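For reference, positions follow the sequence shown, starting with 1. Note that the coordinates shown come from a computational prediction; the quantities given were computed from them, not determined experimentally.
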Amino acid sequence: MQIESRVFGDAYETANRYVDILASRGVDWGLIGPREVERLWPRHVLNSVAISQLIDPGSSVLDVGSGAGLPGIPLAIARPDLKVTLLEPLLRRANFLTEVVKELGLGDHVTVVRGRAEEQHDRYHVVTCRAVAALPKLLTWCLPLVAPRGQLLAMKGESAEQELLDVQGTLRSRRLTGEVLAVSADPELEPTWVVRVR
């Protein structure tokens, strides 16, 4: 059995349609680089779902700077129990996300909001972001949106440890804890590095 169908189970067809959209319209609209098409499954979609194991059932999730819908859309496909909000400031990207959510039939648990993190007032159990900004900026934008006892999951590359070290003072002053976790959607996949702040 392919890793993709193992990870997504019954939702594999929907996930596959999303990958097709990214490979075609995502590239046409400039949301995905042409070189990324070969790596959409492992590097983008399965990588996004890796954080699913850190999210409690029935959680509300805000995906900040959603772009092409990563990690929000793969999470919503794999976890219909989640209420996912895709937050994207750029009109073109917000329009793309709205189309994709409609086409994939995710509208019952996915909402697209056009705007910036600093303009939002709702609070969520989980705030996620992937390749949006350095951790100091992310903390400023995202922490006000995390509900009490909630968490920020910032998907990072190899620099995760160093970025976390750089914000220790900020975390201490706000009585928050941070840790770097290596998570994976499947044992055969490379781990995804996540900075979790609670």
Which pair of non-hydrogen atoms, one from [X] and one from [Y], has the smallest distance, and what is that distance?
| X | Y | answer |
| --- | --- | --- |
| V7 | A185 | CG2-O, 3.7 Å |
| A133 | L138 | O-CD1, 3.4 Å |
| A78 | V49 | CB-CG1, 4.1 Å |
| Q151 | L54 | NE2-O, 2.7 Å |
| D81 | P57 | OD2-CA, 3.2 Å |
| G65 | V132 | O-CG2, 4.0 Å |

Common cluster, [X]/[Y], ILVMFWY with side-chain heavy-atom separation under 4.5 Å:
| X | Y | result |
| --- | --- | --- |
| V126 | W141 | no |
| V112 | L62 | no |
| L135 | V183 | no |
| V19 | L86 | yes |
| V37 | L22 | yes |

So [Y] and [X], do their side chains get closer than 4.5 Å, heavy atoms only?
| X | Y | answer |
| --- | --- | --- |
| I73 | L97 | yes |
| H125 | K83 | no |
| R123 | P148 | yes |
| L75 | I55 | yes |
| P71 | D63 | yes |
| D186 | L46 | no |

> Are side-chain N/O atoms of R79 and H109 paired as donor and acceptor at under 3.5 Å?
Replying inline: no

> Does a donor on one side chain sit under 3.5 Å from an acceptor on the other, for N95 and E99?
Replying inline: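 Checked: N95/E99 side chains show no N/O donor-acceptor pair below 3.5 Å.
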
> Is any NZ, NE, NH1 or NH2 atom of the basic residue among E36 and R39 found under 4.0 Å from an Asp or Glu carboxylate oxygen of the other?
Replying inline: yes

>> Using a strict threshold of under 4.0 Å (side-chain N to carboxylate O), is an ion pair present between E103 and R17?
In response: no

>> Assess the residue pair I21 and L104 against the criterion (side-chain contact (heavy atoms from CB on, under 4.5 Å)); give the C-alpha distance rounded to whole Å, side-chain angles, the decisive distance to 0.1 Å, and a yes or no.
In response: CA-CA 10 Å; I21 292 170; L104 298 179; 4.2 Å; yes

For atom [atom1] of [X], is the number of surrounding heavy atoms from other residues, nucleotides or ligands below 6.0 Å larger than 12?
| X | atom1 | result |
| --- | --- | --- |
| E38 | CD | no |
| D108 | CG | yes |
| R6 | CZ | yes |

> When you look at F8 and N16, which way does the side-chain contact (heavy atoms from CB on, under 4.5 Å) test go after all the steps?
Replying inline: CA-CA 10 Å; F8 280 95; N16 202 35; over 6 Å; no

Is there a donor-acceptor pair under 3.5 Å between the side chain of [X] and the backbone N or O of [Y]?
| X | Y | result |
| --- | --- | --- |
| E88 | R93 | no |
| Q162 | S159 | no |
| N47 | P42 | no |
| Q53 | S184 | yes |

Inter-residue atom distance [X].[atom1] - [Y].[atom2], 0.5 Å rounding:
| X | Y | atom1 | atom2 | result |
| --- | --- | --- | --- | --- |
| I32 | L70 | CD1 | CG | 6.0 Å |
| I77 | L82 | CD1 | CG | 12.0 Å |
| R43 | S48 | CZ | OG | 12.0 Å |
| L87 | Y124 | CG | OH | 7.5 Å |
| D166 | E163 | CG | CD | 7.0 Å |
| W193 | L164 | CH2 | CG | 12.5 Å |

> Testing V197, L153, L152 for side chain to side chain contact (heavy atoms under 4.5 Å, CB included) with C142, which one passes?
Replying inline: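 The side chain to side chain contact (heavy atoms under 4.5 Å, CB included) with C142 is passed solely by L152 among V197, L153, L152.
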
>> Can you tell me how the ring of W41 sits relative to the ring of Y12, calling it parallel under 30°, perpendicular over 60° and tilted otherwise?
In response: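 W41 and Y12: parallel rings.
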
> Can you list the steps and then say if R114 with L91 is a side-chain contact (heavy atoms from CB on, under 4.5 Å)?
Replying inline: CA-CA 7 Å; R114 185 182 169 214; L91 177 63; 3.6 Å; yes

> Who passes side chain to side chain contact (heavy atoms under 4.5 Å, CB included) against E179, sequence neighbours left out?
Replying inline: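 Checked E179 against side chain to side chain contact (heavy atoms under 4.5 Å, CB included); matches are L181, R196, R198.
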
> What do the steps show when you test L139 against L176 for side-chain contact (heavy atoms from CB on, under 4.5 Å), and what is the final call?
Replying inline: CA-CA 11 Å; L139 294 181; L176 297 166; 6.0 Å; no

